[in-house]
Participant: 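Please see the structure below; I have some questions.
Basis for what follows: all heavy atoms, side chains included, without hydrogens, waters or symmetry-related copies. Chain A is the first sequence line, chain B the second, and so forth, proteins listed ahead of strands; every chain is numbered from 1.
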Amino acid sequence: MAAYRSLRLEKYFFRNNLNKRSILGTSAVLRGSYSQPKQNEAVDQRRQFSRHTGAKYGGRYTVTAIAGDGIGPELMGHVKHVFKVADVPVDFEDIYLDSAHDADTDLAHAVLAVKRNRVALKGNVETKHLKPGFVSHNLLLRVSLDLFANVIHCRSIPGVSTRHGDVDIVVIRENTEGEYKSLEHENVPGVVESLKVITRESSKRIARYAFEYARQQGRKKVTAVHKANIMKLSDGMFLDTCRQMAAEYPELKFEDMIVDNTCMQLVSRPQQFDVMVMPNLYGNIVSNIGCSLVGGPGLTAGSNIGSDFAIFEMGTRNTGKSIAGENIANPSAMLMAGVELCRYLGLARHADVIEKSIWRTISEDKVHTPDLGGTATTSDVVHSITQKVQNEMRKW
Amino acid sequence: MVIPQKAIDSVNKNKIGLKGPLATPIGKGHQSLNLALRKTFNLYANVRPCRSIEGYKTPYDDVDLVTIRENTEGEYSGIEHVIVDGVVQSIKLITEVASRRVAEFAFRYAVANGRKSVTAVHKANIMRMSDGLFLQCCREAAEKFPEVQFDEMYLDTVCLHMVQDPKKYDVLVMPNLYGDILSDLCAGLIGGLGVTPSGNIGENGAAIFESVHGTAPDIAGQDKANPTALLLSACMMLKHMGLGTYGSKIEKAAFEAIKNKETRTADLGGKATCSQFTDAVCRYVD
């Protein structure tokens, strides 16, 4: 069965040479269709092999663009520009959800737009946590669309000087529950309870995602990160679920690590990690550490994947308020989010061209914005990338 | 398992304690004894100074910060239950009393140790009521100590910048879980738990100082362990008791011993045994 499957793979999809990922592998895994029960395997496979996803009409996809606050709008503009130069068959539908558009109706429109188009590219919406009763719209968007997996691939890029080299970690973080349930109450004045909820179903879902991802991407090891020595029931259940899932993937090595030890190991020897799976809050911490290890928030993209929808954004979810409008933000993270978006839609060739251009700009030409220790502006970086894209496009 | 009454009486009488590591089983079994100790003696603040050790090279050589973590409540209140099969709820408890106590301690510590700024670490964009309450207490404490600079930062932003540029941070104050993770992260920056001291401060001058590494059963009794963490914790203890001159002397000697490759223990890349390292420290003290 497996041999037949791989034959179909070779016949209908080409492999990406840059980082050895098949678009089937990426899009199928990212689409989350493997999360169906095992009995419907045949249906699963057909769904997996289907390239049709997203709102496609006349050969072009429509993607929801939520610029957000801070550096979001300017970076979104740059992505659109690069997509135009690369001739990506994507049209953007602009949706306004930010600190100026923060009513419930704005959120409802955004959710509907993503449901309509199935895919979105997003900046970060600033959360005014001083306003009582206000829940983060970023969170509400993710939860409403049930984007249960947050995938962040942290890779060392040659040419970027960091303290650690050879880092290649995929952080897979449960994206809908855990500490982020926003279930809080004040029992008596001065005593507040916040509920962290872990369910077996969500743990199974994210564990399945992580192992499928590891298998399809040819990774070797999955590390579950937890704090089950203290939170025995909640993180204990998460850990048990991961262990049970590991039994179904004997070719992958499975280990578990307590979150504080994980953070320590990440800053001393990050090369030991491969794929990491964890609940929500630890994922927040570990993904930020991972992004920082490879050069900061300006380089890594994050994907929020559900069974039916997906939203692509910058890995560390910052608004970048302090550098908004100054033309010094690093556009690479948002552009990489665009690359992930193209892969998800099955546009592997376009994704490769843009990704190669970004990497060559950073590693070979070393056009670095201030966050990487350079003096280039955002426009300089985008110009360099578009030049390379144009050169590549001439070869088509 | 409970703490033996003799231990409780002893600490209540002497007020100051020095402790080695205690193991906690994962996912089952008794509650952490470390937690129980903290609750019993009301040790409300965990202080971990992290300074780069001269002579032990890590990718980070300019770290000089202190993490102060609320030690009694937060995510480690141990209140968990199975709601229905497959759904577990764990309660994070934040109270005004505990938050105020640790916030004021952080500022007093900053003033007493000549530190310039205190940063409150939180996630109030997500956990608005609980971390919001903690943040409010920190803001109110900041007003009482205008000479110390105060700012607040999201937990993920701190992690992001800590790994790139730890110089930015001075004193960090935060609730229990973030403190646990961040303090271990900072320990990793300077060389691991084998070289990091830690102190748990309670009310009325009571305190227990401890080394925070694991029990390492695989090397127990073989004269291989690195005593630096416990030694530096003891120096912290002496400073807390007002015997700062002795504390500084021993601390300096310990750093000298680590600087010298001959007298470093195996975990730091040397070949000395535990006793050889100890002898070296004694020599440097004299």
Participant: Does a side-chain heavy-atom distance below 4.5 Å link A/V192 with B/T95?
Facilitator: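 Side-chain contact under 4.5 Å: no.
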Participant: Hey, are B/E96 and B/R100 close enough for a salt bridge, meaning a charged N less than 4.0 Å from a carboxylate O?
Facilitator: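 So B/E96 pairs with B/R100 through a salt bridge.
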Participant: Any salt bridge between A/D240 and A/R200, counting N to O under 4.0 Å?
Facilitator: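 No, this pair does not count.
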Participant: Please classify the contact of B/I91 with chain A as side chain, backbone, both or neither, using a heavy-atom distance under 4.5 Å.
Facilitator: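 Both parts, heavy atoms under 4.5 Å.
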Participant: Tell me, please, which residues at least two apart from B/F209 pass ring-ring contact (aromatic ring centres under 6.0 Å, His included).
Facilitator: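 Checked B/F209 against ring-ring contact (aromatic ring centres under 6.0 Å, His included); matches are B/H240.
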Participant: Would you please indicate if the ring centroids of B/F134 and B/H122 are separated by under 6.0 Å?
Facilitator: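 No.
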Participant: Would you mind checking which part of B/Q136 comes under 4.5 Å of any heavy atom in chain A, side chain (CB onward), backbone (N, CA, C, O), both or neither?
Facilitator: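 No part of B/Q136 comes within 4.5 Å of chain A.
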Participant: Would you mind checking which part of B/I94 comes under 4.5 Å of any heavy atom in chain A, side chain (CB onward), backbone (N, CA, C, O), both or neither?
Facilitator: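 Both parts, backbone and side chain.
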Participant: Given heavy-atom pairs under 4.5 angstrom as the criterion, report whether the side chain, backbone, both or neither of B/T58 touches chain A.
Facilitator: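 Neither the backbone nor the side chain of B/T58 comes within 4.5 Å of chain A.
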Participant: Kindly check if the number of other-residue, nucleotide or ligand heavy atoms within 6.0 Å of NZ (B/K57) is above 12?
Facilitator: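 Check passes, neighbour count above 12.
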Participant: Do other residues, nucleotides or ligands put more than 12 heavy atoms under 6.0 Å from B/K19 NZ?
Facilitator: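 Enclosed: over 12 neighbouring heavy atoms sit under 6.0 Å from NZ of B/K19.
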Participant: Using non-hydrogen atoms only, which part of B/L177 is less than 4.5 Å away from chain A: side chain, backbone, both, or neither?
Facilitator: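 Side chain only.
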Participant: For chain A, find its close neighbours in residues 41-49 of chain B: heavy-atom separation under 4.5 Å, sorted by number, or none.
Facilitator: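 Result: none.
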Participant: Relative to chain B, which segment of A/F238 carries a heavy atom at a distance below 4.5 Å: side chain, backbone, both, or neither?
Facilitator: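 No part of it gets close to chain B.
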Participant: Just so I know, are the side chains of A/K122 and A/L141 near enough to count as touching, which here means a heavy-atom distance under 4.5 Å?
Facilitator: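 Sidechains of A/L141 and A/K122: in contact.
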